[in-house]
Amino acid sequence: MSEVVGQLVALADPERAAGMARFFQTGPGQYGDGDRFLGLTVPQVTAVAKQHLAMPVAELERLLEDERHEVRLLALKIMASQCAAARTSSERRRELLDLYLRRTDRVNGWDLVDASAPDVLGRAVLAGLPTEVLYRLAASDVLWERRIAIVATFRLIRAGSLDHTFALAALLEGDSHDLIHKAVGWMLREAGKQDEPLLLAYLDEHAATMPRTALRYSLERLEPSVRAHYMGLRKRP
């Protein structure tokens, strides 16, 4: 494990790290409160991850426990890549999923969620994992678990299974956090790529009460006149 961490540390860019700390809102009381950065790009982390895809689960968990954001990202990149690979054994997939669900406390950033939830959790649901796990996470008091629930459905959407995306979007409609509004709108937009009439039917029912950000994101691919129609339905707070 020290070898892979050393590879990341050797690439560290303090100036970039300072900018990332601001971007990911790491100040007191902000969603990334206390997170630390090395200042690496996602391609840099991905390149290192590709060299360590066979890393044992115990070592991956130790990486997840690291206080540095990019170290956790590397672990999640390895996990997502392994879960997406056809050659990965069912036992390895199960171990990675178990680790993921056991340590959601370390999937504690929107980019960490987005890099991992579709392939680690979404693919598991497609393979038969009971969907109750999505609804349990969506009901969590933890911001990141709620985001994991909705973003995991990205893989379901790509497979043409849209029901859980719409159901979770409805459950999360009253969420107070902008990062959930953005994720919900993003998944609704992706669902609309697969079935626009189904998205429009959802918006007919929910546009008036959806958070503005979620509604705006969900409409991005639609015609301007359609966007204007649904934005006009939204009730003012």
Side-chain angles (χ1 to χ4, degrees), residues 1-26 31-32 35-89 92-127 144-145 147-159 179 182-183 186-187 190:
M1 186 181 72
S2 59
E3 176 188 351
V4 67
V5 173
Q7 287 181 266
L8 295 179
V9 170
L11 298 169
D13 181 338
E15 183 176 349
R16 180 179 173 83
M20 292 175 71
R22 292 189 295 271
F23 178 75
F24 285 97
Q25 300 188 33
T26 61
Y31 68 76
D35 205 355
R36 291 183 56 191
F37 289 83
L38 291 169
L40 307 186
T41 66
V42 172
Q44 285 177 312
V45 176
T46 301
V48 176
K50 287 179 178 178
Q51 301 172 39
H52 301 275
L53 295 178
M55 183 176 288
V57 167
E59 293 186 23
L60 288 168
E61 184 163 9
R62 285 195 288 272
L63 292 181
L64 287 176
E65 292 170 348
D66 198 286
E67 63 185 0
R68 291 160 293 192
H69 191 95
E70 292 92 338
V71 178
R72 302 196 303 281
L73 177 59
L74 180 134
L76 293 165
K77 283 282 188 179
I78 291 172
M79 294 167 68
S81 178
Q82 287 276 277
C83 289
R87 64 183 179 276
T88 302
S89 69
R92 171 77 163 167
R93 292 177 193 277
R94 184 171 59 252
E95 290 176 345
L96 293 171
L97 176 65
D98 288 348
L99 171 61
Y100 193 76
L101 294 177
R102 188 174 73 251
R103 298 309 309 265
T104 52
D105 62 311
R106 305 307 294 160
V107 191
N108 53 353
W110 60 262
D111 62 320
L112 303 180
V113 171
D114 298 356
S116 59
D119 285 324
V120 180
L121 181 54
R123 287 182 185 275
V125 170
L126 282 175
W144 307 120
E145 291 190 341
R147 187 166 175 118
I148 286 170
I150 188 66
V151 173
T153 70
F154 181 72
R155 193 56 58 194
L156 279 66
I157 293 167
R158 287 294 181 90
L179 287 174
K182 291 177 179 177
W186 170 28
M187 290 303 108
E190 294 301 317

Donor-acceptor pairs under 3.5 Å, side chain of residues 11-19 to any protein atom, not counting sequence neighbours: which ones?
| from | atom 1 | to | atom 2 | distance (Å) |
| --- | --- | --- | --- | --- |
| D13 | OD1 | E15 | N | 3.2 |
| D13 | OD1 | R16 | N | 3.1 |

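For the side-chain hydrogen bond (donor to acceptor under 3.5 Å, both in side chains) test, residues two or more places apart in sequence or in another chain that qualify with T41 are Q44. Under the rule for a side-chain hydrogen bond (donor to acceptor under 3.5 Å, both in side chains), the partners of W110 that lie at least two apart in sequence or sit in another chain are Y31. Contacts of E61 classified as side-chain hydrogen bond (donor to acceptor under 3.5 Å, both in side chains), with partners at least two apart in sequence or in another chain: R102, R103. Checked against side chain to side chain contact (heavy atoms under 4.5 Å, CB included), A117 has the following partners two or more places apart in sequence or in another chain: Y100, V113, I148, V151, A152. In this structure, R106 has no salt bridge (charged side-chain N to carboxylate O under 4.0 Å, His left out) partners at least two apart in sequence or on a different chain. Applying the side-chain hydrogen bond (donor to acceptor under 3.5 Å, both in side chains) test to T104 and every residue at least two apart in sequence or in another chain returns E145. Residues satisfying the side chain to side chain contact (heavy atoms under 4.5 Å, CB included) criterion with A85, sequence neighbours excluded, are R87, T88.
Contacts classified as salt bridge (charged side-chain N to carboxylate O under 4.0 Å, His left out) and involving residues 35-54 (residues at least two apart or in different chains) are given here: D35-R72, R36-E67. The ring-ring contact (aromatic ring centres under 6.0 Å, His included) analysis of residues 48-87, with sequence neighbours excluded, yields the pairs F24-H69, F37-H69. For residues 107-122, the pairs satisfying salt bridge (charged side-chain N to carboxylate O under 4.0 Å, His left out) are D114-R147, D119-R123, D119-R155, with sequence neighbours left out.
Note that CG of D66 and CG of L38 are 8.0 Å apart. Values are rounded to the nearest 0.5 Å.
No side-chain heavy atom of D105 sits under 4.5 Å from any side-chain heavy atom of N108. L96 places a side-chain heavy atom less than 4.5 Å from the side chain of L60. Taking the side chain as every heavy atom from C-beta outward, Q7 and L74 never approach each other to under 4.5 Å.
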So V48 and K77, side chain to side chain contact (heavy atoms under 4.5 Å, CB included) or not? Walk me through it.
CA-CA 10 Å; V48 176; K77 283 282 188 179; over 6 Å; no
